[in-house]
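Remarks on the structure that follows.
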Amino acid sequence: MLIDYLHWQFVLSPNWFIKLLWNLERASVRFFSISLMLRTLLSYWHKDAMAFTGGSLGKLATIILWNTISRLIGLIIRSAVIAIWLVIQVIFIPLSLITLVALLLWPLLVIVGLAIGLSLLLV
Amino acid sequence: MKFQFNFSSRRSAVKSYLALTSWWYEAALFSFLVTTVLGWSTLFFISAHIILVGLTIIATSIGAGLLNLWLFARTYYSNQPIAITVKEALGRASVNFPNLISFDFLVTLYLSTGFILNRDSLLQAIRQLISSPHNFSFLSRLQINKAKLAAAIEQSVWPKLTWSDFASRTMKVANKLKSDQIEPAHALGALLMHPAIKSQLRSVGLVEEDILFTAWWQTELRRVIEFKRRWWDERHLLAFSGIGLSWASGFTPFVDRFTRFPRGSFWDSVLYGHEGKLNDIINTLARQRQSNVLLVGDPGVGRLGIVRQLAWLIQTSQAHAALIGQRVLYVNAGELIAQGTTGASQMSLITRALNEMERAGNIIVIIDGLNAVLGETGEQRINLTDILMPFLASATVRVIVLTSSDDYHLRLKSNEEIIQFFEVVQVPSLSPDATLRRLALTIQKIERQAHLFVPYLTLRALVQDTVSILPHIPFPERAYDFLEEAIVLAQNRHDKTLLPEHVEQSISRKIGVNLGQLRGREREQLLNLEEIMHRRMVNQDNAIKTLTHAIIRARTEVRSIKRPIGAFLFLGPTGVGKTETAKTLAESYFGSEDHMVRLDMSEFQGTDSVGRLIGSANQPVGRLTSLIADHPFTVLLLDEFEKASSEAHQLFLQVFDEGNITDIAGRQFSFLHTIIIATSNAGAELIWQSVKDGHVPPKFEETLKNHILSQNILRPELLNRFDAVITYSPLSMDHIRQIAALMLRSLNKRLDAEHGVTIVITPELIEFLVSIGYHPEFGARPMNRAIQDTVEFAVAQKILQGSIQPGQQVTLIPAELSALTRKS
């Protein structure tokens, strides 16, 4: 049983946890569509753009302005999504690492806890 | 194969597991966890005395340690891969049985035997398997009483069973179900399939296939539950739609007004039997060009279930990398077109919708019925075809068209212009086996909603009893239709279990045939068939004997489920009772002469014979298929069978072999509940020469068969498919006398019922009728005419004259009748 336990505690569990973290990371990238957001960062918002089919300079300027606004809306919203994802990463990654370390040290933490508890009682 | 039973490598694992998951361990764990919560709460909110801090830390540490070990026990052992799979073990000369079995089964064995294997421990293991919670559902689905089963197995199976035999049978079941490891359900299945208990199970209507199916069902459900529990699996964690996938694509405000996915059914949620079709669609849609799909299948076959699953897979980005970010729109084309009042405005609406979808660039559009868009009229159809083609050719819009088999075969298939842009995916009616499996996998949801328990035999009845009826409704819809009706029936009666009787009654209400009565009566009818038939038939003892024996043999011995009840060839001269036999058989077997349908096969001699029998592009409804659709429980009489074309004969070869045929639209028609009787005058000359006074010479059937083959009247493969070839002997004058008496008795019944009068059947009257109605070459047929022209006419005259009153008996004098014949 001891060998089984050690195998589980120091090989299988951390392995499972790392896979879980990796899947959660992939899920977050997919949920926020990060790859698509980066690829289409400067694209029109919902393809909402006008084509210049001739006319005055004023009309051309209006079209350029409108298309720029469409791109700007897209840029702002997509940037916001990427920013939210980055904030989540900043919290998620350190927390994951701490949890992983705690998981690896679980038996040790139990022993240390018992030692501290007993020492406090004996003091 | 030799089995070893060395448990040493897994004994400690089982002991550790049982210790770390025992109730006392879990109680201790729970206590420490509660103490931890209380301790820390006290420290934070009441007092942080040093001793209390020390005790809380100790309790927390012990709780954490216990939790750590508990998680280890719960997750480690049951997920350990087995040392060798069942498939691998089959190729070996010797195998250690404990290495093949699942951890659950190992625990079950330990609890009952302590891994000490002897005769007594085998009995304990059997008892443990029967009472194990793993097998609770197995037995309740089969509605087998645990105590009775335990007693039956103890009495019949256990004395003959050894541990090696038990291991071998269990492994065979696991292998049949393509399982890697042996589960408790496989072991119970093996016990139930033991030959020693076969007859007991048959008495409750169960055979080996039923046990095997239930074992599959239980392991499959367990697998599904296990998968649902694995929340960390990437298939769960990644199964959602990302935000902003459509931000780079265009809006479709106009099309969105006409898009609405139809409500689904429970059975849509499981795609059993259609997985391949879904893959075909995904592969087509993922192509760069020609990525349009024509999904051909009749309503009820599960087309909507397939596109619903497709939409879900695309939405959750699980279908294909090329389809990520695509939107699946189910467009109600009829509603869209209804917005326009003229042909031109309708075309403009369609163009607008198509433009919008193309501009959006991420649309997969589903249209139910291309005819709704193309219309039926010629000119409009041409214009719309021109409009549609560029969109179908474009890579930005993908189109899935749902169409019925009829529409595809009769209209679309010939439209080369349109069809070239589509990959055709045909969805035929689900097979009975796949329907049963889909029912089994969806039944829990239905049970929860209906508050009913559905045992296995009910599911089997839903498929087996409906397989040959209502062929225009495909499986699985047909089975689910009857399931819904049976549920309502059970709910109205406040029953808690849905029984096969509920299904039988819902079928009876729908098609007018009481299956329960038919089955109940069948045994008795079979035993007395010969006697019942003799009551109506004169002479032909040999024919009736051969026929009844063949039916009994076909029904009780080697009856294949995939064949008609029986297929017989009646040979004999005209008027000797071939048709009468068919009528008598319909009455005695199915309860009424109305259960006989007739096809004159001399009408099917041309090259179009098959088309006329099962339907063709010009004539969608076939004579044979429509007859069998309307009369699934019937005697099918094929008159003058030899005159049909060889193509028609070929068609019947399939019917005799497989018990079904498929029509032009891909619908399957079942002959499982039919008795097929082909009649022929072929060989009549030989019969006249050889059969004297009703005595058929020994082995005459063989002589007749050889005659038919030598004359090329029927092909040998067809002749050999008949369950029996039955010879009818010519009728003598004495037989005609008996027939005349039978016919007069039958006339009396009619007269009594309609006018309250009867005629006196005297020997003189019969002799008179024989004198004018006996023509040996036409058999009994002229007798019918003779009775009509004389007796019936005379009685009708007397009724009109008012010379006889209700309740009177009329004595007809031959001289008077003779005068009538002279007049006529």
Side-chain angles (χ1 to χ4, degrees), chain A residues 1-9 12-13 16-17 19-37 39-41 43-49 73-74 77-78 80-82 84-85 102-103 106-107 109-123, chain B residues 12-13 15-17 19-20 36 39 49-69 71-73 75-77 79-80 231-253 316-318 324-325 359-362:
Chain A
M1 181 193 159
L2 183 64
I3 294 168
D4 286 344
Y5 172 74
L6 293 174
H7 179 58
W8 175 81
Q9 175 61 40
L12 296 182
S13 293
W16 171 84
F17 191 70
K19 269 188 195 161
L20 173 66
L21 292 179
W22 174 239
N23 285 340
L24 286 172
E25 190 54 48
R26 282 171 66 199
S28 78
V29 169
R30 181 176 283 189
F31 180 75
F32 289 100
S33 310
I34 296 303
S35 157
L36 185 73
M37 293 296 149
R39 273 190 284 122
T40 59
L41 196 62
S43 299
Y44 297 114
W45 179 244
H46 275 289
K47 282 194 175 176
D48 210 350
I73 292 170
I77 295 176
R78 289 183 183 105
V81 170
I82 294 169
I84 293 168
W85 177 75
L103 189 71
W106 194 339
L109 290 174
V110 169
I111 294 164
V112 170
L114 279 173
I116 294 171
L118 284 171
S119 65
L120 284 174
L121 287 181
L122 293 173
V123 166
Chain B
S12 68
K15 281 185 174 176
S16 307
Y17 170 81
L20 295 174
T36 304
H49 192 276
I50 190 79
I51 293 179
L52 205 57
V53 173
L55 285 172
T56 304
I57 292 174
I58 289 171
T60 308
S61 304
I62 295 174
L66 291 176
L67 182 65
N68 184 250
L69 290 173
L71 283 173
F72 157 68
T75 60
Y76 178 74
Y77 293 118
N79 289 318
Q80 275 296 86
W231 58 268
W232 60 87
D233 194 290
E234 63 178 325
R235 281 168 291 177
H236 287 309
L237 285 177
L238 302 179
F240 55 79
S241 176
I243 55 171
L245 290 179
S246 63
W247 291 350
S249 309
F251 287 115
T252 52
T316 55
S317 307
Q318 296 182 83
I324 291 175
R359 196 169 170 281
N362 68 334

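It should be emphasised that the depicted structure is a prediction, and the values quoted were computed from it without experimental measurement. Atoms considered below: every heavy atom in the structure, side chains included; atoms not considered: hydrogens, waters and symmetry mates. Residue numbers begin at 1 in each chain, while the letters A, B, ... track the order of the sequences.
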Discussion item. Which atoms of B:A73 are under 4.5 Å from chain A, going by heavy atoms: the side chain, the backbone, both sets, or neither?
Written reply: neither

Discussion item. I need the minimum non-hydrogen distance between B:T316 and A:R30, along with the two atoms involved.
Written reply: O-NH1, 3.5 Å

Worksheet entry | B:S246 portion near chain A, given a 4.5 angstrom heavy-atom threshold | both

Item to complete: Select one option (side chain, backbone, both, neither) describing which atoms of B:I324 are under 4.5 Å from chain A's heavy atoms.
Response: neither

Worksheet item: Given a strict heavy-atom distance threshold of 4.5 Å, which part of B:T252 is in contact with chain A: side chain, backbone, both, or neither?
Response: neither

Worksheet, complete the sentence: Heavy-atom nearest pair, A:S33 first then B:I243, reads OG-O, 2.5 Å

Fill in: CG-CZ distance between A:L6 and B:F72, expressed to the nearest 0.5 angstrom
9.0 Å

Worksheet item: Given side chains that start at C-beta, do those of B:W247 and A:I73 come closer than 4.5 Å, heavy atoms only?
Response: no

Worksheet item: Is any side-chain heavy atom of A:W22 less than 4.5 Å from a side-chain heavy atom of B:L237?
Response: no

Worksheet item: Would you say the side chain of B:L67 lies within less than 4.5 Å of the side chain of A:W106, judging by non-hydrogen atoms?
Response: yes

Discussion item. Report which part of A:A49 has an atom under 4.5 Å of a heavy atom belonging to chain B: side chain, backbone, both, or neither.
Written reply: backbone

Worksheet item: Measuring heavy-atom distances to chain A, does B:L20 have an atom under 4.5 Å in its side chain, in its backbone, in both, or in neither?
Response: side chain

Discussion item. Nearest 0.5 Å, please: how far is CG in A:N23 from CG in B:L238?
Written reply: 5.5 Å

Fill in: Nearest heavy atoms of B:G244 and A:L36, plus distance in Å
O-CD2, 3.6 Å

Worksheet, complete the sentence: Okay, B:S317 and chain A: the region with an atom under 4.5 Å from a heavy atom over there is both

Discussion item. Do B:Y76 and A:L12 make a side-chain contact, defined as non-hydrogen atoms from C-beta onward lying under 4.5 Å apart?
Written reply: yes

Item to complete: Mind ranking A:V110, A:I111, A:I77 by heavy-atom pairs under 4.5 Å with chain B and telling me who comes out on top?
Response: A:V110

Worksheet item: side-chain contact (heavy atoms from CB on, under 4.5 Å) between A:W8 and B:L69: does it pass, once the steps are laid out?
Response: CA-CA 10 Å; A:W8 175 81; B:L69 290 173; over 6 Å; no

Discussion item. Under 4.5 Å from any heavy atom of chain A, what part of B:L71 do you find: side chain, backbone, both or neither?
Written reply: both

Worksheet item: Are any non-hydrogen side-chain atoms of B:I57 and A:L120 less than 4.5 angstrom apart?
Response: yes

